[in-house]
Novice: 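Handing you a structure now.
Note that these values count all heavy atoms, side chains included, but never hydrogens, waters or copies made by symmetry. Order of the sequence lines fixes the chain letters, A, B, ..., with proteins taken first and strands second; residue numbering starts at 1 for each chain.
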Amino acid sequence: DQQVKQNSPSLSVQEGRISILNCDYTNSMFDYFLWYKKYPAEGPTFLISISSIKDKNEDGRFTVFLNKSAKHLSLHIVPSQPGDSAVYFCAASGKGGSEKLVFGKGMKLTVNP
Amino acid sequence: DGGITQSPKYLFRKEGQNVTLSCEQNLNHDAMYWYRQDPGQGLRLIYYSQIVNDFQKGDIAEGYSVSREKKESFPLTVTSAQKNPTAFYLCASSIGDRDTQYFGPGTRLTVL
């Protein structure tokens, strides 16, 4: 049973526009969420995280929104740049992050010049 | 220059042979992890270690073994018992088990 779901396998946007990547989770015990970015044949790079005590966290062009009642989080990238083209993984864990991370299957973002 | 290193980048082995993947970190992190990524799949946890001389099985530990004799090193052995060993293997570390995990560059293992 997949506890972290990234239902759209890919997204294509124009440079300068907003990219919105979505993630749903089923385990109500998850209270810490992260986004990772991954280029082909490389390890994932940590982007941004959010604790369940918040509903928004912002870092430069990246903002993560958390809707606990809907068990949904999203990553907004504004403005999108061609270098943002990569696979993005959503991950979640419980007990303040002390439990093991559970990853979604990833979403491929393509930003067209 | 601190970081996590994995070697080699690409590894080829014959079916039935054991192979050991290296993971080293100089970040002074206590916790280390091994994940496997298959095409179209997320990362799945193989083994993790919260402290030296201690490790726990993850979701897909069968056919794998690890050791944690030093804080800096967490090698993964893919044994002949692993039925489908061809995959991209990722090592990660974190300050503690409540902290953000940082990943190495990965090793692509191909079993012929």
Novice: With hydrophobic residues grouped by side-chain heavy-atom distances under 4.5 Å, do B:V19 and B:W34 end up in a single group?
Specialist: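 Cluster IDs for B:V19 and B:W34 match.
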Novice: B:T100 and A:Y32: side-chain donor and acceptor closer than 3.5 Å?
Specialist: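 A:Y32 and B:T100 do have a side-chain donor-acceptor pair below 3.5 Å.
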Novice: Chain A heavy atoms under 4.5 Å from B:Y35: which part of the residue, side chain, backbone, both or neither?
Specialist: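 Contact with chain A involves the side chain of B:Y35 alone.
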Novice: Taking CZ in A:R17 as the centre, count heavy atoms belonging to other residues, nucleotides or ligands within less than 6.0 Å. Is the count above 12?
Specialist: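 Open.
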Novice: Below 4.5 Å, heavy atoms only, C-beta onward: do A:F89 and B:Q37 meet side chain to side chain?
Specialist: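 A side-chain contact exists here, since the closest heavy-atom pair is under 4.5 Å.
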Novice: Would you say B:Y48 and B:Y64 are hydrophobically clustered, going by side-chain heavy atoms of ILVMFWY under 4.5 Å?
Specialist: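 Shared cluster, no.
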Novice: Using the benzene-type ring in the case of Trp, are the ring centres of A:F46 and B:F103 under 6.0 Å apart?
Specialist: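 Here the rings of B:F103 and A:F46 have centres that are no less than 6.0 Å from each other.
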Novice: Quick check on A:K38 against chain B: is it the side chain, the backbone, both or neither that has a heavy atom closer than 4.5 Å?
Specialist: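 The side chain, not the backbone.
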Novice: Does A:V87 belong to the same Ile/Leu/Val/Met/Phe/Trp/Tyr cluster as A:I77, with side-chain heavy atoms less than 4.5 Å apart forming each link?
Specialist: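 No, A:V87 does not connect to A:I77 through the hydrophobic network.
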Novice: Just give me the residue among A:A41, A:A91, A:G106, A:S49 that pairs up with chain B most often, heavy atom to heavy atom, under 4.5 Å.
Specialist: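 Among the listed options, the one with the most contacts to chain B is A:A41.
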Novice: Is a side-chain donor or acceptor of A:K100 paired with a backbone partner of B:D59 at a separation under 3.5 angstrom?
Specialist: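 A pair under 3.5 Å: no.
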Novice: Return yes when atom CD of A:Q14 has more than 12 non-hydrogen atoms of other residues, nucleotides or ligands closer than 6.0 Å, and no otherwise.
Specialist: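 Buried by this count: over 12 neighbours within 6.0 Å.
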Novice: Of all the heavy-atom pairs spanning B:L90 and A:G43, show the shortest one and how long it is.
Specialist: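 Of all heavy-atom pairs spanning B:L90 and A:G43, the closest is CD2-CA, 3.5 Å.
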Novice: Could you state the interatomic distance from NZ (A:K105) to CG (B:D38), rounded to the nearest 0.5 Å?
Specialist: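 Atom-to-atom, A:K105:NZ and B:D38:CG are 11.0 Å apart.
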Novice: Indicate the atoms forming the closest heavy-atom contact of B:F88 with A:E42, along with that distance.
Specialist: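 Looking at all heavy atoms of both residues, the shortest contact is CE2-O, 3.6 Å.
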Novice: Is there a path of hydrophobic side-chain contacts, each under 4.5 Å between heavy atoms, that joins B:I4 and B:Y47?
Specialist: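 No, no single cluster joins them.
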Novice: Any heavy-atom pair between the side chains of B:Q101 and A:Y36 that's under 4.5 Å?
Specialist: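 Answer yes - side chains close enough.
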Novice: Given a strict heavy-atom distance threshold of 4.5 Å, which part of B:L45 is in contact with chain A: side chain, backbone, both, or neither?
Specialist: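 Contact with chain A: side chain only.
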Novice: Within a 6.0 Å radius of atom CD1 on A:I18, are there more than 12 heavy atoms belonging to other residues, nucleotides or ligands?
Specialist: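 Yes, because the 6.0 Å sphere around CD1 of A:I18 holds more than 12 heavy atoms from other groups.
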Novice: Does B:L27 share a hydrophobic cluster with B:M32, counting links as ILVMFWY side-chain heavy atoms below 4.5 Å and allowing steps through other members?
Specialist: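 Result: no, two separate clusters.
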Novice: With a 4.5 Å cut-off on heavy-atom pairs, point out which of B:R44, B:R108, B:Q41, B:K9 contacts chain A the most.
Specialist: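 Highest number of pairs under 4.5 Å: B:Q41.
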